[in-house]
Amino acid sequence: MRRTIDWDGDAVTIIDQTALPTDYRVLRLTSVDELIDAIRRLAVRGAPALGAAGALGVVLAAREGGDVPVAARRVATARPTAVNLSWGVARALAKLDQGGAAVLAEALEILDEDERLNRAASAHAAQILLEVCPRRPLRLLSHCNAGHLATVAWGSALGVVWHLHERGLVESVLVDETRPLLQGGRLTAWELAQAGVPYRVQPDGAAAAAMARGLVDCVLVGADRIAANGDVANKIGTYGLAVVAHHHRVPLIVVAPSSTVDTALASGAEIAIEERAPEELRMFGGAAITPPDADVFNPAFDVTPAELISAVVTEHGRYRPPDHPSSL
Ligand code: MRU
């Protein structure tokens, strides 16, 4: 599969994630405004992919001229929760005094290292999972999309599935559809189908029943920001999954590149949570599904406390916050 986000020598290219699974199309983004719009519409999304988008945003800003740091700040703040976005911007911006070529080289380096780091993080996580889950083959549960499409390539939490599938160890994956924007039902299911991994899509509300019936050996999720104490912000619904998994003694493993760890924040309470437009809940497939002016609570992410997480895993192995040892 081509990279989710790339540089074609003149423009940013992205696989348009608003069109999948019905249409596979590639968009070319030639300006900072187009990139910001794509980030806000979730045409490009997922924390590691947003890191690459941040860096490439600085490349576009440098080519446009004008006040590059101001444009870079607009990119960095296009979405607030995934720390990778501002991390990617900061890395590329730090090269600005060396000129546009140095900015581009740094952005390309971020693109190149993304797959390597995700492969390493997911390999570590696969090993931990095999140590704590005795059943073979494995029945896994995924929330949102933490696959190839959420990264430049390979994926984080779904990368674990790829490693295990290569070894014939996956029976099936239960895919939370992930309301309201269905990144699970649209994107994760599409990736699993492409890879030939057996899966079933379920409504988010079925996850507790699946665990109560003993159908899940391990929950695998990605992360948008990991605080110093190991609290994790991820797609809305992850916290509920973690509570249920804890109740049923099902391990929940978080997989992310270390660029998602934000040691500047002591705990998850400090993480800014994006609130999205009410229309995402009022409408479905172009039709109204609530009274037109229904009040809406639409946070895109929630925070799962470290004590509910079995392991947070990066390319360096398990992340162990000093005062909050994980339960595995
Ligand atoms: O709103 P999104 O689709 O950008 O949210 C994405 C997630 O919450 C992912 O689980 C997270 O970014 C990890 S992706 C490897």
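Read the numbers this way: they start at 1 and go in the same order the structure lists the ligands and their atoms. Predicted model only: the values in this text are computed from it and were never measured.
- Remark: ligand 1 and Gln183 share an N or O pair separated by less than 3.5 Å (distance only, no angle test).
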Stepwise, does the side-chain contact (heavy atoms from CB on, under 4.5 Å) test hold for Leu241 with Asp176?
-> CA-CA 10 Å; Leu241 266 184; Asp176 275 0; 3.8 Å; yes
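- Ligand 1 lies less than 4.0 angstrom from a heavy atom belonging to Arg79.
- Counting protein heavy atoms only, atom 9 (C) of ligand 1 is closest to Asn234 OD1, 3.4 Å.
- The protein heavy atom nearest to atom 14 (S) of ligand 1 is Ala150 CB, 3.4 Å.
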Under the salt bridge (charged side-chain N to carboxylate O under 4.0 Å, His left out) criterion, do Arg3 and Asp8 qualify, and how do the steps go?
-> CA-CA 11 Å; Arg3 285 176 166 181; Asp8 73 3; over 6 Å; no
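- Checked against a 6.0 Å centroid threshold, the rings of His148 and Trp190 do not count as neighbours.
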Stepwise side-chain contact (heavy atoms from CB on, under 4.5 Å) check, Leu220 with Leu158 = CA-CA 8 Å; Leu220 286 166; Leu158 219 51; over 6 Å; no
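- Using a 4.0 Å cut-off between heavy atoms, Ala47 contacts ligand 1 through both its backbone and its side chain.
- Side chains of Asn84 and Ser259: a donor on one and an acceptor on the other come within 3.5 Å.
- Salt-bridge check for Asp112 with Arg116: failed, with every basic side-chain N at 4.0 Å or more from each acidic carboxylate O.
- Between Glu109 and Arg91, no side-chain nitrogen of the basic residue sits less than 4.0 Å from a carboxylate oxygen of the acidic one, so the salt-bridge criterion is not met.
- With a 4.0 Å cut-off on non-hydrogen atoms, Pro48 touches ligand 1 through its side chain and not its backbone.
- Taken to the nearest 0.5 Å, the NZ atom of Lys235 stands 9.5 Å off from the CG atom of Asp302.
- Of the heavy atoms in Ala146, both backbone and side-chain atoms come closer than 4.0 Å to ligand 1.
- By the 4.0 Å N-to-carboxylate-O rule, Asp204 lies too far from Arg179 to be salt-bridged with it.
- At least one heavy atom of Ala223 sits less than 4.0 Å from an atom of ligand 1.
- Between Ser156 and ligand 1, no N or O atom pair is found at a separation short of 3.5 Å.
- Some N or O of Gly46 is nearer than 3.5 Å to an N or O of ligand 1, by distance alone.
- In terms of polar-atom proximity, defined here as any N/O pair under 3.5 Å, Lys235 does make such a contact with ligand 1.
- Here the heavy atom of the protein found nearest to atom 7 (C) of ligand 1 is Asp224 OD1, 3.3 Å.
- The protein atom (non-hydrogen) at minimum distance from atom 3 (O) of ligand 1 is Arg45 NE, 2.5 Å.
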